[in-house]
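Contents: one structure, followed by commentary.
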Amino acid sequence: MGFGRGFDSRIPTQTLIDLTNGMLLRYDRNVKVKLSDLKPFASDPKAVDEILKTGDHVVYEYYENVVEGGFIYGVTIIYPGLIGEEYNFTRGHYHLRGDADEIYIGIKGKGLLLMQDKRGDFYSYPIERGYIVYIPGEYAHRTVNIGEEPLIFLYIYPANAGHDYESIKMKGFKKVILRRDGKPILVDNPRYRE
Ligand code: PAN
Ligand code: ZN
């Protein structure tokens, strides 16, 4: 079996990533997340409404392969931009299975990976070309593009992990990344609930 054919989970497979733009030669699905989808996750929902008056747009998208009983792996591309003062970010989620860890590998651009667990333990790590971040299953994770080009990273996690977005919608992340004086700063999220 060569490039571009469907994947059977129990035989070895291979594909290619274009490291200049993150495109996978072969993928099972592409999910595009728009600004309107991010409104419940934004630190400033009024800023979202303001931008939506002039139209909606894709903030980030991901392309992935799903191997049932194995891993899901793919590429996330977060476009540069701001939502009010907040840098473009992913919704963020907990995995439903606390033992489903994940690995992120930076390909291009400049970002921060925010991680927090349900006890309120919080970490912020850079994600850039060559950076590898290991995310234990109990930690919610959100990625933020703090650069001026698309932020591109690879991810790999168990296909049975499951995603909990509701907890993030309800409680938010402890900290958010805002642009102040042209630079990213980490500040307490005014909408965070313990
Ligand atoms: C990643 C994320 C991807 C988009 O594949 O799903 O970067 O982020 P949201 O799912 O939070 O919108 C991952 O962590 N999967 O488990
Ligand atoms: Zn995840």
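Bear in mind that the values here come from a model prediction, so they are computed numbers and not experimental data. Whatever order the structure lists them in is the order used to number ligands and atoms, beginning at 1.
Closer than 4.0 angstrom to ligand 1 lie heavy atoms from Tyr60, Tyr62, Thr76, Thr90, Arg91, Gly92, His93, His95, Glu102, Tyr104, His141, Phe153, Tyr155, Tyr157, His163, Tyr165.
Donor-acceptor pairing under 3.5 Å is lacking for the side chains of Gln116 and Asp121. No hydrogens or angles considered: nothing links the side chains of Arg97 and Tyr157 as a donor-acceptor pair under 3.5 Å. Between the side chains of Tyr94 and Asp117, no donor N or O sits under 3.5 Å from an acceptor N or O. Under 3.5 Å, the side chains of Ser43 and Asn189 contain no donor-acceptor pair of N or O atoms.
Here the two rings, on His141 and Phe173, have centers that are 6.0 Å apart or farther.
Metal site remark for the Zn ion (ligand 2): His163 contributes no N, O or S atom at a distance under 2.8 Å.
Note: angle at the Zn ion (ligand 2), from NE2 of His141 to NE2 of His93, is 80° (rounded to 10 degrees).
In terms of distance to the Zn ion (ligand 2), the nearest N, O or S atom of Glu102 is named OE1.
Summarising the local packing, NZ of Lys110 is surrounded by 12 or fewer heavy atoms from other residues, nucleotides or ligands at distances under 6.0 Å.
Just one of Arg179, Lys46, Arg180 meets the salt bridge (charged side-chain N to carboxylate O under 4.0 Å, His left out) condition when paired with Glu85; it is Arg180.
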